[in-house]
Number of protein chains: 2
Amino acid sequence: MKVEILTKTENGNIQKEIIAKIKDLINFKNLEPGDKLPSERMLAEKFGVSRSNLRETIQKLEFYGILKSMPQSGTFIENIGVTAINGMLDDILRLETPDFKSLVETRILLELKIARLAALRRTDDDLKEMRTALDAYNEKVRAGEDAVEEDLIFHLAIAKAAKNSSLNTFMLVITPGIITNFEKYHVCDKNQSFMGIQEHEDIYDAIKNQDPKLAKAKMKVHFKVLYQYCYNI
Amino acid sequence: MKVEILTKTENGNIQKEIIAKIKDLINFKNLEPGDKLPSERMLAEKFGVSRSNLRETIQKLEFYGILKSMPQSGTFIENIGVTAINGMLDDILRLETPDFKSLVETRILLELKIARLAALRRTDDDLKEMRTALDAYNEKVRAGEDAVEEDLIFHLAIAKAAKNSSLNTFMLVITPGIITNFEKYHVCDKNQSFMGIQEHEDIYDAIKNQDPKLAKAKMKVHFKVLYQYCYNI
DNA sequence: CAATTAAAATTGGTTAACCAGATTGGTTTG
DNA sequence: CAAACCAATCTGGTTAACCAATTTTAATTG
């Protein structure tokens, strides 16, 4: 029931080892925020790992805002306190690969908010894109074909209309794991797709009429089956 | 008002160019899901970029579940339809660096859900960790010192208790941007910290008593000031 | 002795060479 | 003729050499 996302299954362990060693370095050597880390070459040798692996790990910690590499200068500890850094590093080390349940739970949360925001912020162009996606979906379903992709496109169109780039990014990050599991466990069968037509139209209408409460409610209906399924798996 | 997160400010543009070229390749050469991409060396030359840049981009698309590299074998297109891939690639290309407003909006959404889940799922160990973090926070505030870090640790402890790894990851991803902006715009002044003591205690009590609704409500109170601030910036 | 400047060493980033394993095509063999 | 096998080749991953810019050091000069 594990999903390969947000963590590299391969280098994951070696990366975690490196992160732990960096944490030790910061604590043991009493490095303070703003201080410079030893050079990549030195650290790679000290840790007994390749420089490329070390660089990948540093990039990951840059992504989490803990380190910052300056070209031809060095890698620095971001200007947040050592307590916070320790807490975040512990969390990163403890992070597991999200299971399907986590993904679905999170997706529903995101999509409910997105529906609300989309109803509030959608432009006419957004609406047009949603309509196009929805038509493509309906056509596929009526033809009795698989429409998981078209479904996805519709939901991404809504996300775009919500005008929140963080939410958009998270939707994208979550999506592949969802799709893979859908296909693996055959979550979407034909019947559900047919029900989906009306549910999608309801969501679309609510967003069109700029009714955030209704949009969220209709999205909730849409996810009800998925929600229950996810909790019985 | 831009935050350096979720996108590399530097190689961002070159990466987007590469992604666009990969998209063209898939569409123009009619590559289907499951197909193998040309080798890294070939693509690097064809695109006129360095192999390392190409590899970084491929890893990013692997992260989004669009490509999959197999050692000593090749890079393959994941088994999702070409429509979905096009939609996702478009989205990735359009992704902006989240602004502060997006971050705060998303953080509040995540934290409200997290508070609810934590109240439902917290173990006694979780509670102990939260208590420790909270004590550290209170002490700092009462001493008149800055307590942004201790605040963060407390919130991360709640997130841990929510037992949802996706939500945990997203909190971590969002956090650095929030901290940076907090410091930049002096969001947290001493008065707010003092109010924070009671607010935090309320959240803690609700989670301790396993009252999800109250936990969410108290978290909402806690974020009210931030929310308003965020919408007036 | 202090200020200046130039050169040498150090830095992260990039490029090219190398590696082990998977793939492939042709050859051999039953 | 088909199946088994082996070597040449191609693959992503790794390592080492290289680059340009920065930082440090030391020599020079007023």
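Nothing here was measured: the structure is a model prediction, and the numbers come from that model.
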- Rounded off to whole Å, could you give me the CD-to-P distance for the B:Glu40 and C:dA17 pair? 17 Å

- Out of D:dG12, D:dT23, C:dT15, minimum distance to the side chain of A:Ser73 belongs to D:dT23

- Query: To the nearest 0.5 Å, how far apart are CG in A:Asn86 and CD1 in A:Ile80?
  - Reply: 10.5 Å

- Note on the structure: Rounded to whole Å, the CG-P distance (A:Leu43 to C:dG13) equals 13 Å

- Note on the structure: OG of A:Ser39 to CD of A:Glu45, rounded to nearest 0.5 Å, is 9.5 Å

- Query: Can you tell me if A:Thr132 and A:Asp135 form a side-chain donor-acceptor pair at under 3.5 Å?
  - Reply: no

- Message: Tell me whether the side-chain N or O atoms of B:Arg51 pair up with the base of C:dG13 as donor and acceptor below 3.5 Å, since no angle test is needed here.
- Response: no

- B:Phe170 and A:Phe170: aromatic ring centres closer than 6.0 Å? yes

- Message: Please report the distance, rounded to the nearest Å, between CG in A:Leu54 and P in C:dG13.
- Response: 11 Å

- B:Glu45 has an atom CD; how far is it from atom C1' of C:dA16, in whole Å? 14 Å

- Of the candidates D:dA21, D:dT11, D:dT15, the side chain of A:Ser52 sits closest to D:dT15

- Query: Can you find a side chain N or O atom of B:Ser50 that sits less than 4.0 Å from OP1 or OP2 on C:dT15?
  - Reply: yes

- Would you please name every residue forming a side-chain hydrogen bond (donor to acceptor under 3.5 Å, both in side chains) with B:Glu150, sequence neighbours left out? none

- Query: Would you say B:Thr75 reaches D:dG12's phosphate, i.e. side-chain N/O to OP1/OP2 under 4.0 Å?
  - Reply: yes

- Task: In whole angstrom, give the distance that lies between atom CD of B:Gln72 and atom P of D:dT11.
- Result: 12 Å

- Message: Return whichever of B:Lys36 or A:Lys36 has its heavy-atom-nearest nucleotide of DNA chain C closer to the 5' end.
- Response: A:Lys36

- Item | Distance test, side-chain N/O of A:Arg55 to OP1/OP2 of C:dG13, below 4.0 Å | yes

- How long is the line joining CZ of B:Arg41 and C1' of C:dC19, in whole Å? 11 Å

- Message: Rounded to whole Å, please give me the gap between CE in A:Met70 and P in C:dT11.
- Response: 15 Å

- Could you state the atom-to-atom distance from CG of A:Leu37 to C1' of C:dG12 in whole Å? 13 Å

